[in-house]
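Data block below; observations after.
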Amino acid sequence: MRDLVGRGGSDPDIAWPNGARLAVSVVVNFEEGAEQQVGDGDPQSERIGEVISVVEPGVRDLGQEQIFAYGMRAGLWRMLDALDRHRIRATFLMCGRAVERAPRQAREVVARGHEAAVHGWRWRPHADYRDRAEEAHDLDRCIDAIDAACGVRPAGFFCRGSESAWTRALLEERGFLYTSNAFDDDLPYRDRAHRGLVVLPYALDSNDMKFFHPNGFVRAREMVEYVEDALATLLAEAERGKPRLLNIGYHLRIAGRPGRFPAFEGVLEKLAALGDRIWVARRDEIARAWIAAGG
């Protein structure tokens with residue numbers, strides 16, 4: 001049953017570990033190589049890229065393959081170096097098949113201090129699964145791929161689109177700390193049906209996918225300004241004693257491109273400049289801090 005009430009306007013009195021009331025999560029999607037491609041045996045190739053694919057279903061779209069490959073070949077390294085420069089640790093949402101195909105890149109992400117979280121075996125909605133066992137199989141494949149490449153067992157989850165009716169039960173059975181398939185709050189909360197999971201909301205508005213949408217961002221500065229507005233709103237609420245969480249999402253093939261890269265680096269500069277007024281942390285750290293605070 002849908003919950004449209006939440007906390008009913010009553011915010012908990014908590015601060016994040018550094019004393020700030022606003023936590024910020026920087027998320028980078030690591031999914032290139034896990035999208036639908038006819039060249040990989042799929043019935044059609046992913047439609048959404050720099051342009052909408054005009055190649056008919058059943059025919060290999062080499063251009064779309066290359067658009068995605070750019071993220072792993074070039075965008076990743078540009079973005080990792082920027083995170084290093086600004087001393088910010090992010091959460092990378094990793095598709096299992098992308099990790100399997102690019103284990104060196106996945107390993108480097110973790111070696112630099114970032115979190116590896118599960119983004120599904122393929123870049124697909126888990127709501128598409130019609131069988132619990134099939135979803136469980138693919139979830140385990142993703143966990144194993146991350147563990148094999150990075151030497152860590154992932155604690156967090158987010159899939160494209162929507163979870164299935166079974167996803168959260170499967171995550172809880174496997175000891176996951178949190179799920180992020182939620183767009184309905186500015187703070188973490190518990191799923192009443194799966195009390196072992198922290199629901200760590202995500203957001204699609206402060207997300208570089210809007211560069212691929214006709215009503216979204218066009219210039220890199222537009223995303224930076226949008227995030228600045230979100231920060232200003234939430235910081236004002238934080239100063240009134242309200243704890244908050246801001247999520248900012250990026251993709252290797254999108255913000256990794258030179259013309260859009262300032263949308264990534266510009267936001268990192270802003271976050272670094274805010275210092276202890278905010279707490280920038282990996283999503284697993286945010287979930288654990290929420291639990292420690294009694295959430």
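FYI, side chains are in, hydrogens and waters are out, and symmetry mates aren't considered; it's all heavy atoms of this structure. Computed from a predicted model, the values in this text were never measured in an experiment.
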Is the cationic atom of [X] (NZ for Lys, CZ for Arg) positioned less than 6.0 Å from the six-membered ring centroid of [Y] and within 45 degrees of its normal?
| X | Y | result |
| --- | --- | --- |
| Arg89 | Trp279 | no |
| Arg7 | Tyr189 | no |
| Arg97 | Trp121 | no |

Checklist entry - So if you build clusters from Ile, Leu, Val, Met, Phe, Trp, Tyr with side-chain heavy-atom gaps below 4.5 Å, do Ile248 and Ile286 land together? => result no
Pair [X] and [Y], ring centroids less than 6.0 Å apart:
| X | Y | value |
| --- | --- | --- |
| Phe264 | His86 | no |
| His119 | Phe30 | no |
| Tyr178 | Phe157 | no |

Are more than 12 heavy atoms from other residues, nucleotides or ligands located less than 6.0 Å from atom [atom1] of [X]?
| X | atom1 | answer |
| --- | --- | --- |
| Arg73 | CZ | no |
| Arg195 | CZ | yes |
| Arg221 | CZ | no |

Verify the distance criterion only: is there a donor paired with an acceptor across the side chains of [X] and [Y] at less than 3.5 Å?
| X | Y | value |
| --- | --- | --- |
| Glu135 | Thr167 | yes |
| Ser25 | Arg282 | no |
| Asn247 | Arg283 | yes |

Next on the checklist: Between Gln44 and Gln36, is the side-chain contact (heavy atoms from CB on, under 4.5 Å) condition met? List the steps.
Outcome noted: CA-CA 7 Å; Gln44 64 179 20; Gln36 283 197 92; 4.2 Å; yes
Between [atom1] of [X] and [atom2] of [Y], what distance do you get to the nearest 0.5 Å?
| X | Y | atom1 | atom2 | answer |
| --- | --- | --- | --- | --- |
| Leu235 | Leu274 | CG | CG | 6.0 Å |
| Arg257 | Leu252 | CZ | CG | 12.0 Å |
| Arg288 | Glu285 | CZ | CD | 8.5 Å |
| Glu65 | Ser53 | CD | OG | 10.5 Å |

If every non-hydrogen atom of [X] is compared with every non-hydrogen atom of [Y], which pair is closest and at what distance?
| X | Y | value |
| --- | --- | --- |
| His126 | Gly120 | NE2-CA, 3.6 Å |
| Gly156 | Glu115 | N-OE2, 4.2 Å |
| Val38 | Val59 | CG2-O, 3.6 Å |
| Arg124 | Cys159 | O-CB, 4.3 Å |

Checklist entry - Phe158 vs Phe183 aromatic rings, parallel, tilted or perpendicular, using cut-offs 30° and 60°? => result perpendicular
Next on the checklist: With salt bridge (charged side-chain N to carboxylate O under 4.0 Å, His left out) as the criterion, how do Asp84 and Arg112 come out once you've worked through the C-alpha distance, each side chain's angles and the decisive distance to 0.1 Å?
Outcome noted: CA-CA 8 Å; Asp84 282 350; Arg112 296 201 195 193; 2.7 Å; yes
Next on the checklist: Among residues at least two apart in sequence or on other chains, which ones pass salt bridge (charged side-chain N to carboxylate O under 4.0 Å, His left out) with Asp184?
Outcome noted: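 Per chain and number, Asp184 pairs via salt bridge (charged side-chain N to carboxylate O under 4.0 Å, His left out) with no residue.
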Next on the checklist: Under the criterion side-chain hydrogen bond (donor to acceptor under 3.5 Å, both in side chains), I'd like the reasoning laid out for Glu35 against Gln37: C-alpha separation, chi angles, the key distance, then a yes or no.
Outcome noted: CA-CA 6 Å; Glu35 79 283 358; Gln37 295 291 356; 2.8 Å; yes
